[in-house]
Structures are given as C-alpha cells and as structure tokens.
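Report on the structure given below.
The sequence lines fix the lettering, A, B, ..., with proteins before strands; numbering per chain opens at 1. Not measured: the values here are computed from a predicted model.
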Protein chains: 2
Amino acid sequence: MELFNEERANELLKNRIRTSDLEKLEYNKEVILAGWIENIKKMGKVSFIILKDRYGEVQLTLREDVIGDLSFIDELSNHTFLVVRGEYIKGIARKWKEVLVKELYVIGEIAQPLPIDPTSSLEKRLDYRWIDLRNDRNSFPIILTSDFVRYCREYFYSNGFVEIFTSKILGAPSEGGAEVFEINYFNRKAYLAQSPQFYKQMAIVAGFEKVFEIAHAYRAEPSFTTRHITEFVSMDVEIGYITSHHDVMDLLEDLIKYTMKRIKEEREDDIKKYYNVEINVPSKIPKIKMEEAYEIIGKDEIKPNGDITPKGERILGEYVKNTYGEDFFFLIDWPWTARPFYHMKGEPMKDGRETTRSFDLIFKGLEIVTGAQREHRYSVLLKQVREKGLNEENLRFFLDFFKYGSPTMGGFGFGIERFIRQLLEIENIREVVLLPRDPNRLLP
Amino acid sequence: MELFNEERANELLKNRIRTSDLEKLEYNKEVILAGWIENIKKMGKVSFIILKDRYGEVQLTLREDVIGDLSFIDELSNHTFLVVRGEYIKGIARKWKEVLVKELYVIGEIAQPLPIDPTSSLEKRLDYRWIDLRNDRNSFPIILTSDFVRYCREYFYSNGFVEIFTSKILGAPSEGGAEVFEINYFNRKAYLAQSPQFYKQMAIVAGFEKVFEIAHAYRAEPSFTTRHITEFVSMDVEIGYITSHHDVMDLLEDLIKYTMKRIKEEREDDIKKYYNVEINVPSKIPKIKMEEAYEIIGKDEIKPNGDITPKGERILGEYVKNTYGEDFFFLIDWPWTARPFYHMKGEPMKDGRETTRSFDLIFKGLEIVTGAQREHRYSVLLKQVREKGLNEENLRFFLDFFKYGSPTMGGFGFGIERFIRQLLEIENIREVVLLPRDPNRLLP
C-alpha cells in the first residue's frame, strides 16, 4: 500500500464523516474517516490504530488478508493525520467502535516524535499548546468558553442589546496610568485598553441604550498568580436610564441564571466527565453589603483602602454557601476609597464612610465581575476626578462625553476566563485560555 | 416647576417606555418617556419640545394651563436629557406623536452648547463622535454592524463552529514585519497582531475542525485613504480537512447568501431610508481566474507582482455586474508572487507562472475578503518561507505547528467595516466605525 496519494486522499476527504457519526450507522456500511493517530498496536497479520478526531475515537483494524503487507505501519507515528476508507464492523473491542480498513493515506506528512506527553508540566504543555489541545479534557475549557459566550449573546440579542467594537488603542493612559502597555503609534505614545469602560459609557451617552462587547482587555500587571493573565476576554455591558446599581445587578442575575441553565442543559455530562464538577444554577443571588462583609471576615482580611483580600473573598464565599446554598453572591456598596473615580457615590456607611453604588459578583470565592452605577453629571464627575488626585488632562476626552447631556447609566465588566476557571474548578487560569499571556509568556 | 428632582426622576424612570412604544398604545393613556431634547419651540403659553431616544421622536406639548409658568424652558438646551410624565394625545402635529406634559425633570445636568451641527466636517464630527451618533443616520452603520455579526454567528453556531479568542500580542513580527505596531511588553518588544492567521491555523492543527473569531486586527499602515483604518474588525474563519480553496469559497458563498438574506428581511427599509441603497442577495457568486482578469482589465491595472490595482478591482466589479448582474465575485488562483508564503500553491497559469489556491471576494468593486487553502506540510511550508526570503527565526513558532501532524485546512479573513461600507455605499470607512483610528486619530 502507498501511504501518500494526495489526489486519492482528497477524493476520499470529500465524503468524510465524523467518528461520532458512526453511532447513527448500521454495521457493514462503507465509511470514510479522518483524524490523527492516538495509538498504534502492531500485532503481526492484524494490527490496530486508534484514530481520533474532535468528536471521538475509533479503532481501525488493519488485516493483511484485506490490504496486503502491513509493514507500512512502521513508518507511521502518533499524531500523524490519516484519511481511511473502510467497513464499519461490529468488532470485538469494547471501548471503541471498529472500522476494518480498505484504504489508508497520510494527510500531509508523518508527525515527528511528540515533545510532550500527559505527564509534562503545564509550562511545557503550553509551549506545545497545539498538541496539548488534541486532548479532549484540555480542549474542553476552550469549547465551553465558546458555548458560554454564545449563551450570553443569545441573552443579549433577545433583550435588545447592540454589540459594539470599541477601540483598544487609547491616546492617553486612562485608568490610573499604571499597569498599562505602551504602543509605538507612528512615533507617538499610545496605550492598550485596560477595559472598554470609557467607550461603552460613550456609547450610552451617544444614545445607544443597551450595549455589550466581548473582547480582549490588557493589564500590564507583573503578577504570576493562578488568577492573573495580561490579556483576558472581558464581557462588558452598559445600560442607560437606570435608577441605581440594583438595576444592573438585576440584569446580571438574569444573565447568570439564563447562561447557567443553558450550560446545565448542554454540558452537564461533559463537565462531570472531564472535571467532576456539579452545575448549580442559582435560584437567587444573595447581596451582602460591604460593611456587613467586614464583620464576617474580620479585620485581617480588610485592606487599608477598604477592599478585601482574596482570602476574605473565599471566607465570604463559604459563608454564603453555608447560609444560602449558593455559589454566587453580590458584594455591594463598596467604600469610595476602593473604587474608581467614575463610580457614583451612594449612601454612607453607619460609621460615616463614603460608599459607591457598586458591586462585585463573587463566584465560588473569587471576584469575576465588577459593576456600578456611573456618575453621569459632568460637574460631579470632575469633582471626583480631583478628589482622587488624578491627571485631569489624561481624562479630558472622557470628561467631555458628559458636557453635552447624558442619561443615567451603569454596567459591569465580566472576566470570562475567571468564570470558566471557577465553573470547572481549574487551578490555573492559563488552562482556560487558548494562548495565555503572562509577563514571561509571549509564545506560541 | 422644578427642573431637578433626582428622587422623583428615578421613580419615573422605573416605568419609562420607549418613544416607539407609543404606537401600541391608545390615546389618553399616561406615559413616561426619557431621551434628549432635539428641538425647543417656545411660543408663549404653549411650547413644544421634540424629545428623542434611540427608537424615535415625540413632540412634547407644554401648556401653561396644565403645568403652570413655562419660563423654565429658557433654562433648557438641545441635547439635555429629560424624563417626562404626560398624556399620550391625538394632537395636531403630523410628523410626530404627541404627549401633553404633566411633569418634567432634567436627567443629570443641562447640556452645554453643542460644538457640532449637521454641516460640520467629518473630522469635527468624529472629534465629537458621541454627539454625532445621536443622529439616526450616523448611528445606523454601528447598529447594522451589530446585526451583521449576529447573523454571521447564527450561521456559525448552526454549522458547528467553535468561537476562539486568539492572542493579539505576538512575540515576533509575523507577516513580513513591516506595518506592525510595537508594544513595550515588560521591557521586551512585542507586536500587535495584524491578523489571527497563524493562531486560527494553530486551532485547526490542535484538532478543532471549524473555528471563527470576530475581533480587532491592527495595521500600522500610514495610509490616509477612505478604505484604510489602523484598527479594524476582522471576521476570521478556518476549517480543517478541506480538499481545495473551492471548499472555503463554498462556505463563504453560503455565509454571504444567508447574511444578505437576513439583512434584507430585517433592515431593507432602514437601508433604503437612510442610505437609499437596494439590497441585492446573490443567487450565485461568479468566479474569475486571475489570468482571465488580467485580460479584462488590461496591462495598466496589473501591478509588477501580479496583484491588481483598486481601479482594476472596480473595472472587474463593473464587468461582473454587467455580465452576471451580481455585486459579488471571487477573484481566484492568484499568482504566487502576490500571495503570502503560507498559501498553498496551485496549478500554473497558461504562461507557466506559479499560482496559489487562493481567492479574494470583491463586493461592489472593493476587496472585502482574502482566503486560501493553506500549505499544511512542514517541509513544503519551510521551502516556501525560504523562497519568499523571510526571516525563518521569526516564523519558527508558526512552522513548528506543522511538525507534529496537520490536516489540510483553509479559511478567510473578512473585513467587517469594508463590507458595511460597500453595502451602504458610504464614501469614508471612518463613518462605519464607532471609534476610528488612523495615523492621526487616537481620540476620542
């Protein structure tokens, strides 16, 4: 048998079915399959190849009495791509459906020996991400991310949202100025957007009433935790004519319930199989005020600016799980000292500390969403910029949005990878990302 | 009447309806509306305000005998946002539905005098994009873009595609090296992706069979044409196990027909109203070979590398329109000298020149898509890198994708803004973009 015949291979590929399509077929049908070699068992006059595609695996049976001399098998190697024609037979393998091969060709070239195996370190696996992802468990977070954003869009589309594409190239370092990547923009300095915050607000000022964007955002944080990456997918939502941050939370709660229900419907079995995790659709997302949270977590987990530590988030997560049986909760009414200048101020705490009309959404003890009502009054916004001691000139373009009328507005930014990480209870967020970027990693 | 009462305004906002909802109501119902002032007509004891939201306009009638002294109108200005309670009345205005105002409050603050008007230059309008987009004609391309990507996703979702998010931060200047923005990445040089080309191919090598991405791509071209922007939305598609570039064109033709049909169903009237353009759903997209195209356009429109000029594209567009009555056509089998190293080579031209298995899709005389079958054989790909005289080291990470087995593959990159520009027959592509970026423009 000749292993290489491009013309004939192409002819066969035209009628290729997926391995998972075998389920629908009767035995003794002729089938054409394509995929890569997961394993080769050479056993003399009968040999076996496990062929895999994205949808499953099948055992190819090669018999000398059917296709002649089997010595060509020595040339094959794992992960070489094949197209085969054969007969779908009942076979004796328990784990796999079986195809008796009549014709077999290599697609492209024979694969070189693989540089990683299932025991390789995460770093090594990420170096060879395209091989790593041929494993179904490893590719599942990528597929679930695709599903999740699809469910989110279903929700947005059926609720009258407009999808926007905001510029990621900013003329000024916007939110603070630290932790921002600098771009050489025709010999001027420009900056990669840390979030579409200012521009989604601009869309609302421009008269769009409900907008969303699902796109990359960039943080130049030199962090090496299992929760941080420098390039992440942010789902950003902004709505106009709101009356408080509770309107924004209502929307987010609705979205979470809808998407969790969809995930449960479509992916419960896969999530159980690959990650051994149960899907718990929230019935009601509890709200905890920041000043109540302080009492639950204790002084050690409160940062000087009023924010709480990652450990504090986990303590609250356990408290909510024990008290309400829920994986999600809103942490609301954050102190002004812990929030950005554009959050609207709210009712003061009992001890008189200023708060904001803001919230985080915590999922299994980790913050995955930050949201707020925004300050839409130009004069008040300007005051808040000065109060925070920020560079007014850098923020001028944003401040100007509010000079010529603005409705009330609010919204949130939702970390997609963090959500998937928490959902699947994966230790390292890098496993959720197709091509993770951290301070050291720029390749592949 | 007091113009400012935040508490009461919020109370009203809770029950606000859209101006377009009036159509469904009977006269003499109480309604609450919110939006901005398009116009004020002060006429003594009866005055009028045209109130606008994203969905329409309504005439507010203010009568002294209903709400008392009308002198507060002097304080109002165009584009100030209001919330009003009133009675939906039959009225006498022909152009607008009418609401007799009972209560009226400013949302936020009074708008300052507007810096632009409908006669302002495009540059000035873009400087104040958030005001410019309050005009329905100006915001329409943004809304149509949202619709179009929605229709595309409908198509992808129902055809088994996985949505991917590829990194936009590259460790090496990939395609050529020129026209790429440089990033300061923790004191190392990194580069903004010109396209997700290499990574969508990686996804196919990784065993995903059909992937798409709709995301920004970046070109540091110092061009000031009406067709170029430095940041654009690219719809990228890649599929595995193909047999030639014709498989990719089949997919694209299907996608174009589906989305054009959806646009016609949902937006034909708006497109006629705002841009006076007819929607012409293709029945069959013709294919013209490059060597045939050369004969049609004549020598002057052929570039030295075998590419054709923008004028050449327009000539071919007219030829196709006259011959087939179609707005779209595929220009196929491009010469190797005009295509990147990763395109697979095809059958030579009659004169012996090498070609590629590639195509462009031309829409109303402008290229909006480039596609091809990719070279998936490591040894051939390496040869092609060398043949083009490219930096092998910069491309090493990409070449390595093909060492460990690869299926055949092909795909395309689709310029979303160019498509919308051509569809609406808009002169300047900047009008299609929420926040256009060119060599001079980084703001807002």
Side-chain angles (χ1 to χ4, degrees), chain A residues 10 13-14 16 34 36 54 79-81 107-109 111-112 114 130-131 133-134 143 146 149-150 157 162-169 171 181-184 186 190 199 202 205-209 216 231 233 241 243 376-378 397 401 403-408 434-435 437 439 442-444, chain B residues 10 13-14 16 34 36 54 79-81 107-109 111-112 114 130-131 133-134 143 146 149-150 157 162-169 171 181-184 186 190 199 202 205-209 216 231 233 241 243 376-378 397 401 403-408 434-435 437 439 442-444:
Chain A
N10 268 348
L13 268 183
K14 284 198 166 67
R16 173 228 175 192
W36 62 92
R54 183 83 294 163
H79 284 225
T80 297
F81 281 70
I107 299 175
E109 296 172 347
Q112 298 185 24
L114 298 181
W130 64 98
I131 301 171
L133 290 173
R134 285 180 188 157
I143 292 172
S146 173
V149 298
R150 173 183 180 169
Y157 291 152
V162 172
E163 179 168 1
I164 55 172
F165 296 89
T166 65
S167 180
K168 305 306 168 207
I169 305 181
F181 290 114
E182 200 182 286
I183 308 167
N184 177 353
F186 301 106
Y199 292 141
M202 188 196 88
V205 175
F208 299 96
E209 299 198 359
H216 277 127
E231 181 184 44
V233 180
Y241 301 103
T243 64
H376 62 294
R377 294 161 296 189
Y378 174 74
F397 80 101
F401 295 163
K403 273 187 177 167
Y404 311 100
S406 170
T408 55
L434 186 67
L435 293 149
R437 292 287 180 261
L442 278 168
L443 286 172
Chain B
N10 268 349
L13 268 182
K14 284 197 166 69
R16 173 227 176 195
W36 64 90
R54 184 83 291 163
H79 284 226
T80 297
F81 281 70
I107 300 175
E109 296 172 348
Q112 298 186 23
L114 298 179
W130 64 97
I131 302 171
L133 290 173
R134 287 182 186 155
I143 293 171
S146 173
V149 297
R150 172 183 181 170
Y157 292 152
V162 172
E163 179 168 2
I164 55 173
F165 296 89
T166 65
S167 180
K168 305 306 167 205
I169 305 183
F181 290 113
E182 201 182 286
I183 307 167
N184 177 353
F186 301 105
Y199 291 141
M202 188 196 89
V205 176
F208 298 96
E209 299 199 358
H216 276 128
E231 181 184 44
V233 180
Y241 302 103
T243 64
H376 62 294
R377 294 162 298 189
Y378 175 74
F397 79 101
F401 296 162
K403 273 186 175 167
Y404 311 100
S406 170
T408 55
L434 185 67
L435 292 151
R437 292 288 179 259
L442 277 169
L443 286 171

Quiz prompt | Verdict with supporting geometry, B:Val162 and A:Arg54, side-chain contact (heavy atoms from CB on, under 4.5 Å) | solution = CA-CA 11 Å; B:Val162 172; A:Arg54 183 83 294 163; over 6 Å; no
Quiz item: At what distance, to the nearest 0.5 angstrom, does NZ of A:Lys168 lie from CG of B:Leu435?
Solution: 9.5 Å
Quiz item: Where is the tightest heavy-atom contact between B:Ala111 and A:Gly405, given as atom of each residue plus distance?
Solution: CB-N, 3.6 Å
Practice problem: Go through A:Ile164, A:Thr408, A:Ile131 and name the one with the most non-hydrogen pairs under 4.5 angstrom from chain B. | Solution: A:Ile131
Exercise. Report the C-alpha separation of A:His376 and B:Phe81 in whole Å, then their side-chain angles, then the decisive distance to 0.1 Å, and conclude whether the side-chain contact (heavy atoms from CB on, under 4.5 Å) test is met.
Key: CA-CA 11 Å; A:His376 62 294; B:Phe81 281 70; over 6 Å; no
Quiz item: Heavy-atom distance under 4.5 Å to chain B: side chain of A:Arg16, backbone, both or neither?
Solution: side chain
Self-check item: chain B contact via A:Glu231 - which portion, at a heavy-atom distance below 4.5 Å
Solution: side chain
Quiz prompt | Per-residue contact mode, A:Ile183 against chain B (heavy atom under 4.5 angstrom) | solution = both
Quiz item: In chain order, what residues pass the side-chain contact (heavy atoms from CB on, under 4.5 Å) check against A:Arg377, with sequence neighbours excluded?
Solution: A:Met344, A:Glu375, A:Val380, B:Glu6, B:Glu109
Practice problem: Name the member of B:Val205, B:Val149, B:Leu443, B:Ile143 that forms the most heavy-atom pairs with chain A at distances under 4.5 Å. | Solution: B:Val205
Practice problem: Just give me the residue among A:Trp36, A:Phe165, A:Tyr241 that pairs up with chain B most often, heavy atom to heavy atom, under 4.5 Å. | Solution: A:Tyr241
Self-check item: Side chain / backbone / both / neither for B:Val233 at chain A, heavy atoms under 4.5 Å
Solution: side chain
Practice problem: State which residues pass side-chain hydrogen bond (donor to acceptor under 3.5 Å, both in side chains) with A:Ser146; sequence neighbours excluded, sorted by chain then number. | Solution: none
Quiz prompt | Under 4.5 Å from a heavy atom of chain A, the part of B:His216 involved | solution = side chain
Quiz item: Hey, which of B:Lys14, B:Met202, B:Glu209 has the most heavy atom pairs under 4.5 Å with chain A?
Solution: B:Glu209
Practice problem: Please answer whether the main-chain N or O of A:Gly108 pairs with a side-chain N or O of B:Tyr378 as donor and acceptor at a distance below 3.5 Å. | Solution: no
Self-check item: Atom group of A:Ile169 that falls short of 4.5 Å from chain B, counting heavy atoms
Solution: both
Quiz item: Where does B:Arg134 contact chain A at under 4.5 Å (heavy atoms): side chain, backbone, both or neither?
Solution: both
Quiz item: If every non-hydrogen atom of B:Asn184 is compared with every non-hydrogen atom of A:Phe181, which pair is closest and at what distance?
Solution: O-CD2, 3.6 Å
Quiz item: Does any heavy atom of chain B fall under 4.5 Å from the side chain of A:Ser167, the backbone, both, or neither of them?
Solution: both
Quiz item: When rounded to the nearest 0.5 angstrom, what is the spacing between OH in B:Tyr199 and CH2 in A:Trp130?
Solution: 10.0 Å
Self-check item: Nearest atoms (heavy-atom pairs only) where B:Phe401 meets A:Pro444
Solution: CE2-CB, 3.9 Å
